[in-house]
Amino acid sequence: MFASAPASSLHLSHPAFGTRRPRLARCRSSLASSSSSGAAPPPANANHLIQTLCANGRLARAAALLPGLPAPTQRTYESLLLAAARAGDAALAAAVHRRLEADPVFRSDPFLSTRLIESYAALGALPAARQVFDEAPEKSIFVWNALLKALALADHGDEAIARLSDMGWLGVPVDSYSYTHGLKACIAVSASHAPASARVREVHAHAIRRGYALHTHVATTLIDCYAKLGIVSYAESVFAAMPERNVVSWSAMIGCYAKNERPADAIELFKDMMASDPDLVPNSITIVSVLNACAGVNALGHGKLLHAYILRRGFHSLVSVLNALMAMYMRCGCLEDGRNIFNWIGHRRDVVSWNSLISGYGMHGFGHEAIQVFEEMVQVGLSPSIITFISVLGACSHAGLVDEGKELFESMVDYSVKPRAEHYACMVDLLGRAGQLDEAVELIESMHIEPSPQVWGALLGACRIHGHVEYAEMACSHLFDLEPRNAGNYVLLADIYARAKLQNQVDVLKDLLEEHALEKVTGCSWIEVKKKLHSFTSVDNKNPPVEQLHALIGEFVAEMKNEGYVPDTGIVHYDIEEEEKERILLGHSEKLAVAFGLINTGSGEVIRITKNLRLCEDCHSVTKFISKFTEREIVVKDVNRFHHFRDGICSCGDYW
DNA sequence: TTAGGGTTAG
């Protein structure tokens with residue numbers, strides 16, 4: 001009823017407004033008269049007019065008025081600089097800069113020096129920002145901090161450290177802003193002398209000496225820096241030492257666990273946060289981080305609780321939250337629930353929503369559906385991003401859609417997306433999995449950029465599937481240089497040698513692993529039962545309940561052997577008796593998690609398991625058998641994709 | 001006047 005009445009008439013006719021013309025109407029009339037004034041002298045209220053034009057994005061008109069303006073105010077300069085930065089108009093920023101240099105009233109004004117530096121930084125013009133700083137006669141702390149921010153934006157970590165040190169010997173008192181900008185500059189990835197972790201530790205030590213390390217913003221930034229560097233223990237120390245934590249610092253620590261492969265700790269910390277203080281209310285960023293962590297461990301129960309919380313607290317008005325919720329469902333194996341949320345988001349879908357759906361179909365092996373969603377996305381007028389192509393090419397790879405993948409890869413140029421190493425890695429994976437190893441190698445050789453470890457890793461993975469020793473050695477000759485500490489590459493090559501019955505080569509690799517003190521990633525599987533996470537590793541066989549699980553698996557295997565199953569002991573690298581190898585296979589974490597699920601869940605329930613590595617062939621065979629024998633649906637998410645086991649068949653079609 | 005945490009892939 002109210003919506004049908006024009007808003008303006010409601011307001012203007014209200015007695016509370018009296019007979020004065022409303023402010024907006026006055027601005028409109030000024031704008032109208034100014035547009036026809038041409039080169040006439042600026043009106044008396046020109047300062048106000050320029051500010052209004054800037055606020056309305058009419059920069060050309062505002063810029064045209066500036067030269068004739070006898071006395072620009074500080075506010076006018078500020079409006080022009082902010083608008084120039086917002087519109088990406090470097091020429092306007094430079095014109096304002098020139099005008100300001102000639103202005104005896106404001107040329108030394110530190111407020112405007114700050115704004116100039118900020119604008120140049122936002123426009124990507126670091127040399128100009130640096131010049132303004134160097135020439136600023138009065139360098140207030142704001143001017144210094146603006147320079148540090150500019151250096152952070154431009155990824156100049158070493159220079160930021162040098163400037164912080166300048167502040168020290170010049171006696172300029174640093175403040176908390178100096179540290180937050182300085183730290184952000186430190187974790188920049190581009191050319192630098194010192195590694196990022198050394199720079200962060202240096203600024204951290206500096207902050208401790210000046211008494212700023214526990215300041216809420218500084219400490220939160222420190223947590224985030226250590227999170228990005230993967231040094232979780234340092235982030236934990238900073239978080240533990242804070243006297244005063246708020247929702248942002250908690251979220252930063254939760255995010256630190258989530259992005260460093262400790263999703264279970266992220267969920268636990270979220271619970272601690274909720275229990276620690278009733279005034280501490282999670283916000284949308286907290287929710288997104290925890291949803292991400294739920295997906296990381298397949299904690300569907302927790303994810304559903306969060307879904308209810310989102311609806312209760314009104315977070316479903318935010319697309320970012322819905323995107324994260326949708327991704328959580330799909331990454332927890334519930335593709336349909338994810339699709340329903342995508343449908344529900346409706347016209348508010350952004351590129352992330354589309355990418356999530358494409359990757360969701362991809363990770364579940366629905367390649368054609370992923371391509372269809374890609375086409376729909378293009379049809380509704382959205383531009384596919386770098387990630388869209390990674391998602392859709394990955395989907396083709398999982399489904400073995402070689403021709404479709406090639407076509408999409410070639411179409412990238414039509415969308416102005418330049419193929420990156422990630423896209424080549426997808427293509428090598430696609431060709432390699434499909435057995436087209438020569439073509440995969442040709443593609444690598446044709447690359448115009450340096451092949452990344454992911455590209456060689458994809459080739460190595462394909463060699464493992466197809467037992468190609470020569471190309472595996474070629475891939476490893478690069479991988480051992482590029483990532484010498486990655487034990488996984490040594491293990492994969494050893495696996496390929498073992499299957500080729502090259503035991504001597506296997507032993508050489510094992511010696512190398514030992515010599516360099518490289519540790520294999522322990523196989524680990526998770527299962528959530530009654531909203532509690534249970535994890536299993538293949539090395540933990542001292543736990544009494546594990547004996548029960550071993551026994552149950554043993555019974556299934558005995559039954560399978562009657563039907564002709566032969567345990568795939570080829571993947572056990574130890575030079576031991578066959579019987580012992582079989583015993584090792586029985587203890588694989590994924591089998592233990594399946595057995596635990598069978599014992600602890602109801603007969604109709606879907607068993608959902610997550611594994612931190614690729615599912616091995618033997619576990620795959622055994623799980624197929626168990627799904628048929630027990631008439632249970634088992635969904636396993638490995639490091640690459642989903643496997644839906646039902647009635648003795650896996651959704652991957654044994655292609656993974 | 002300035003600042004801190006999040007989403008999609010591999």
Hey, does A:M363 reach any base, or is it just sugar-phosphate, or nothing, if we go heavy atoms under 4.0 Å? sugar-phosphate
Just call it for A:T216: base, sugar-phosphate, or nothing, with non-hydrogen atoms closer than 4.0 Å on any strand. base
Side-chain donor-acceptor pair under 3.5 Å between A:S353 and A:D350, yes or no? yes
Counting any heavy atom closer than 4.0 Å, what does A:S353 reach on the DNA or RNA strands: base, sugar-phosphate only, or nothing? nothing
Just to be sure I understand the rule, does A:V218 reach a base, reach only the sugar-phosphate, or reach nothing, if contact means heavy atoms closer than 4.0 Å? nothing
Look at the aromatic rings of A:W456 and A:H478 and report parallel, tilted or perpendicular, splitting at 30° and 60°. parallel
Which part of the nucleic acid, if any, lies within contact of A:D224, taking any heavy atom under 4.0 Å across all strands shown: a base, the sugar-phosphate backbone alone, or nothing? sugar-phosphate
Scan A:N283 against the nucleic acid and name what it touches under 4.0 Å (heavy atoms): base, sugar-phosphate only, or nothing. base
Between SG of A:C332 and NZ of A:K304, what distance do you get to the nearest 0.5 Å? 9.5 Å
Are a donor atom and an acceptor atom from the side chains of A:S79 and A:T76 found within less than 3.5 Å of each other? no
Which part of the nucleic acid, if any, lies within contact of A:T221, taking any heavy atom under 4.0 Å across all strands shown: a base, the sugar-phosphate backbone alone, or nothing? sugar-phosphate
Under 4.0 Å, heavy atoms only, any strand: does A:Q454 hit a base, just the sugar-phosphate, or nothing? nothing
Base, sugar-phosphate, or nothing: which does A:R331 touch, judged by heavy atoms less than 4.0 Å apart? sugar-phosphate
Please work out if A:H423 contacts a base, only the sugar-phosphate, or nothing of the nucleic acid, heavy-atom cut-off 4.0 Å. nothing
Considering only distance and modelled atom types, tabulate donor-acceptor pairs under 3.5 Å from the side chains of residues 417-434 of chain A, sequence neighbours left out.
from: A:H423; atom 1: ND1; to: A:R420; atom 2: N; distance (Å): 2.9
from: A:H423; atom 1: NE2; to: A:I386; atom 2: O; distance (Å): 3.0
from: A:Y424; atom 1: OH; to: A:H448; atom 2: ND1; distance (Å): 3.4
from: A:D429; atom 1: OD1; to: A:R433; atom 2: NE; distance (Å): 3.4
from: A:D429; atom 1: OD2; to: A:S397; atom 2: OG; distance (Å): 2.6
from: A:D429; atom 1: OD2; to: A:R433; atom 2: NE; distance (Å): 2.9
from: A:D429; atom 1: OD2; to: A:R433; atom 2: NH2; distance (Å): 3.4
from: A:R433; atom 1: NE; to: A:S397; atom 2: OG; distance (Å): 3.4
from: A:R433; atom 1: NH1; to: A:W656; atom 2: O; distance (Å): 3.3

Determine the contact category for A:S356: base if any of its heavy atoms lies under 4.0 Å from a base atom, sugar-phosphate if only primed atoms, P, OP1 or OP2 are that close, otherwise nothing. sugar-phosphate
Mind checking A:D350 for me? I need base, sugar-phosphate or nothing, with any heavy atom below 4.0 Å counting as a touch. nothing
Checking all strands, does A:S176 fall into the base, sugar-phosphate, or nothing category for heavy-atom contacts under 4.0 angstrom? base
Under the salt bridge (charged side-chain N to carboxylate O under 4.0 Å, His left out) rule, collect the residues that match up with A:D638, sequence neighbours excluded. none
Given A:F374, which partner from the list A:W354, A:Y361, A:F389 fulfils the ring-ring contact (aromatic ring centres under 6.0 Å, His included) test? A:F389
Could you give the start and end, 5' to 3', of the contact zone on DNA chain B for chain A, using atoms under 4.0 Å from its heavy atoms? B:dT1 to B:dG10
Counting the atoms with a prime plus P, OP1 and OP2 as sugar-phosphate, which does A:N292 contact under 4.0 Å by heavy atoms, base, sugar-phosphate, or nothing? sugar-phosphate
